[in-house]
A.B. asks: 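This is the structure, below, for whatever I ask next.
All values reported here derive from a predicted model rather than from experimental measurement. Indexing begins at 1, ligand by ligand and atom by atom, following the structure's order.
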Amino acid sequence: MKGITRRLFGKTVAASAAAVISGVSFPEVAFGQPQPAPSILKYPSGFLWGCATAAYQIEGGAREDGRGPSLWDVFSHTPGKTHDGDTGDVADDSYHLYKEDVKLLKALGVSTYRLSMSWSRIFPNGTGEPNPKGLDYYSRVVDELLANNITPYITLFHWDTPAALPGGWQSRDTSKAFADYAAYTTKHLGDRVKHWMTTNEFHCFTNLGYRDGQFAPGLKLGPAPVSQIRHHAILAHGLAVQAIRASTPSGTQVGLAENANVFVPVIETKEHIEAARRATRLDNAPFLTALMEGKYIDAYLEQEGANAPKVEAGDMAAIGSRLDFVGLNVYTPSFVRADDSRQGYAIVPFPASQPKMASPWILLAPECLYWAVRNVCDLWKPQGIFITENGCSSDDVINSAGHIDDVDRVMYLRNHLTHLHRAVSEGYPVKGYFLWSLMDNFEWADGYSKRFGIHYVDFKTLKRTPKLSAEWYREAIARNSVV
Ligand code: GBH
């Protein structure tokens with residue numbers, strides 16, 4: 001403001017603003033007066049609030065009561081694969097401390113909890129003889145949740161493939177073994193558990209595990225085997241949906257948790273909105289699109305050419321099995337614009353200045369929660385949508401008063417829930433929201449270096465401490481509203 005005093009500057013701005021708004025009438029706002037509660041950001045009654053976790057990330061007890069090793073045990077014990085060689089051997093020790101975790105949930109006031117089960121706890125060899133002690137653990141967790149009025153939503157597979165299965169997802173037999181595991185487990189818990197998710201995030205355990213080598217089992221295979229692996233993964237889902245329906249009472253709800261790529265139109269015009277929809281369909285072609293349409297779309301088959309998956313009779317019908325809900329794990333989107341290329345859209349890269357959370361891949365763009373819902377609903381009209389994961393890492397520190405004031409996580413959550421509210425208020429069938437995560441845990445290849453919890457975990461003592469974000473979430477849940 002060189003050469004212009006602040007007072008003068010203020011006057012200039014006021015004058016030009018007055019010129020711009022002359023002839024336009026604004027509603028009267030009583031500045032400085034207490035405003036009514038923002039009822040506009042209230043969620044509908046019956047909206048389900050929850051938290052999410054995954055077995056290998058929280059349980060520990062890796063060698064207890066007959067649990068067999070999973071590919072993540074093998075991978076994390078291989079030098080150089082995870083941050084500092086961290087493993088899930090102990091993690092949050094929820095295998096022993098689950099009652100404490102249910103208390104945390106209870107204190108938040110959530111009505112639901114999304115957890116996953118370790119396949120190799122229940123079938124130590126992936127197939128064959130079940131291990132009753134494994135199932136028993138989950139039965140106790142379920143009872144503890146129900147006794148506290150918290151509805152369990154269970155994911156059958158969150159990446160911890162039993163290590164004993166030959167070839168892992170390279171083998172079609174793994175899809176069948178998964179369906180058997182799904183049948184057995186849901187048959188035994190189906191009297192109390194009414195909501196099941198087959199798998200979590202196809203991209204991560206297929207592409208990242210077998211193509212990029214970043215996740216277990218750490219392989220770098222070529223395009224043809226990888227597209228076959230992706231096929232086995234969605235086939236496993238489809239066969240499991242059928243197995244669950246055959247093994248559980250009617251009324252049981254079946255879905256999955258998928259990190260479909262989310263596209264946000266650069267500007268909300270018809271052409272860019274259509275571009276976002278096209279991108280959603282094409283970019284998710286091997287996974288969600290195949291599930292929702294019961295086929296691989298032509299553009300994907302063309303793109304894969306000779307590497308396209310080998311599909312057997314009946315596969316696509318199983319893959320396209322009707323779902324009761326689609327769960328979406330949403331963290332960050334891509335921005336997209338319409339163009340005159342063959343595919344009809346172009347991704348607009350993030351500028352270097354796009355804000356990020358503590359993990360470099362979590363670029364902040366809270367519109368993603370609205371567009372995740374809208375793109376999927378406009379394309380495929382699912383019966384119900386859950387946000388099965390949303391949250392962020394933050395560089396949490398315990399201050400001298402012993403508090404963790406994660407105002408950045410609160411910002412992230414508040415903004416995402418504001419955009420989700422828009423989807424709800426426009427009538428999209430969003431039934432609930434699961435915050436990732438209940439507590440800090442084993443963050444896969446990042447080990448314990450990234451914290452996603454709304455409860456802080458001291459990994460030496462395993463003590464859980466609510467962060468500011470936990471207090472905030474409790475308040476939002478109590479008021480059923482963005483706060
Ligand atoms: C979800 O994955 C998982 O379901 C959950 O288990 C996990 O804890 C949570 O999100 C937080 O990560 O390092 O740039 O190569 C989200 C999908 C896929 C995002 C792998 C991070 C690595 C990006 N993740 N990706 S990079």
A.B. asks: On a heavy-atom basis, I'd like to know which of Trp436, Phe215, Trp361, Phe442 is closest to atom 14 (O) of ligand 1.
C.D. replies: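 When every heavy atom of Trp436, Phe215, Trp361, Phe442 is considered, Trp361 comes closest to atom 14 (O) of ligand 1.
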A.B. asks: Numbering the atoms of ligand 1 from 1, which are under 4.0 Å from a heavy atom of Glu389?
C.D. replies: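 It comes down to these atoms of ligand 1: 1 (C), 3 (C), 4 (O), 5 (C), 9 (C), 10 (O).
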A.B. asks: Applying a strict 4.0 Å limit to heavy atoms, is His203 in contact with ligand 1?
C.D. replies: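 The answer is no, since His203 has no heavy atom less than 4.0 Å from ligand 1.
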A.B. asks: At a 4.0 Å threshold, what atoms of ligand 1 neighbour a non-hydrogen atom of Cys204?
C.D. replies: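 Under 4.0 Å from Cys204, ligand 1 has these atoms: 17 (C), 18 (C).
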A.B. asks: Hey, which atoms in ligand 1 end up nearer than 4.0 Å to a heavy atom of Asn200?
C.D. replies: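 Answer for ligand 1: 4 (O).
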A.B. asks: Parallel, tilted or perpendicular: which describes the rings of Tyr448 and Phe459, with under 30° parallel and over 60° perpendicular?
C.D. replies: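 The rings of Tyr448 and Phe459 sit tilted, inter-plane angle from 30° to 60°.
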A.B. asks: Does the ring center of His419 lie less than 6.0 Å from the ring center of Tyr370?
C.D. replies: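 When the ring centroids of His419 and Tyr370 are compared, they turn out to be at least 6.0 Å apart.
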A.B. asks: Determine, for Tyr345 and Arg337, whether the Lys NZ or Arg CZ falls below 6.0 Å from the six-membered ring centre while staying within 45 degrees of the axis.
C.D. replies: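 No cation-pi geometry.
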A.B. asks: Hey, which atoms in ligand 1 end up nearer than 4.0 Å to a heavy atom of Glu201?
C.D. replies: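 Counting from 1, the qualifying ligand atoms are 1 (C), 2 (O), 3 (C), 4 (O), 16 (C), 17 (C).
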A.B. asks: Please work out which of the three classes, parallel, tilted or perpendicular, describes the rings of Phe386 and Phe434, given edges at 30° and 60°.
C.D. replies: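 Phe434 vs Phe386 ring planes: tilted.
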A.B. asks: Does the residue Ala54 have a heavy-atom contact with ligand 1, meaning some pair of atoms that are separated by less than 4.0 Å?
C.D. replies: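 No, Ala54 has no heavy atoms under 4.0 Å from ligand 1.
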A.B. asks: Do Phe263 and Trp371 have ring centroids that are under 6.0 Å from one another?
C.D. replies: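 For Trp371 and Phe263, the ring centres are not under 6.0 Å apart.
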A.B. asks: If you count heavy atoms of other groups shown closer than 6.0 angstrom to NZ of Lys381, is the number above 12?
C.D. replies: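 Yes - once you tally the heavy atoms of other residues, nucleotides and ligands closer than 6.0 Å, there are more than 12.
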A.B. asks: Give the ring-plane orientation class for His421 versus Tyr43, where under 30° counts as parallel, over 60° as perpendicular and anything between as tilted.
C.D. replies: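 His421 and Tyr43: perpendicular rings.
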A.B. asks: Give the ring-plane orientation class for Trp361 versus Tyr331, where under 30° counts as parallel, over 60° as perpendicular and anything between as tilted.
C.D. replies: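 Rings of Trp361 and Tyr331: perpendicular, as their planes differ by over 60°.
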A.B. asks: Quick check on contacts: which atoms of ligand 1 are under 4.0 angstrom from a heavy atom of His158?
C.D. replies: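 Counting atoms of ligand 1 from 1, those under 4.0 Å from His158 are 3 (C), 4 (O), 5 (C), 6 (O).
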A.B. asks: Going by the order shown, which atoms of ligand 1 are within less than 4.0 Å of some heavy atom of Trp159?
C.D. replies: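 Once the distances to Trp159 are compared, the set is 2 (O), 3 (C), 4 (O).
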A.B. asks: Report the nearest protein non-hydrogen atom to atom 9 (C) of ligand 1: residue, atom name, distance rounded to 0.1 Å.
C.D. replies: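 Ranking protein heavy atoms by distance from atom 9 (C) of ligand 1, first comes Tyr331 OH, 3.4 Å.
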A.B. asks: As an exercise, identify every atom of ligand 1 less than 4.0 angstrom from a heavy atom of Glu443.
C.D. replies: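 Those atoms are 7 (C), 8 (O), 11 (C), 12 (O).
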A.B. asks: For this output row, return yes or no: ring centroids of Phe335 and Phe350 closer than 6.0 angstrom.
C.D. replies: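 Yes, the ring of Phe335 comes within the 6.0 Å limit of the ring of Phe350, centre to centre.
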A.B. asks: Looking at ligand 1, would Lys450 count as a contact under a 4.0 Å heavy-atom criterion?
C.D. replies: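 Distance cut 4.0 Å: Lys450 fails for ligand 1.
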A.B. asks: Check whether any N or O atom of Asn441, backbone or side chain, sits under 3.5 Å from an N or O atom of ligand 1, and answer yes or no.
C.D. replies: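 Asn441 vs ligand 1: no N/O contact under 3.5 Å.
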A.B. asks: Tell me whether the rings of Phe157 and Phe205 are parallel (<30°), tilted (30 to 60°) or perpendicular (>60°).
C.D. replies: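 Phe157 and Phe205: perpendicular rings.
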A.B. asks: Does Leu208 approach ligand 1 within less than 4.0 angstrom via side chain, backbone, both or neither, non-hydrogen atoms only?
C.D. replies: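 It is the side chain that touches ligand 1; the backbone stays farther off.
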A.B. asks: Please identify which atoms of ligand 1 are closer than 4.0 Å to at least one heavy atom of Gln214.
C.D. replies: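 It comes down to these atoms of ligand 1: 13 (O), 15 (O), 22 (C), 26 (S).
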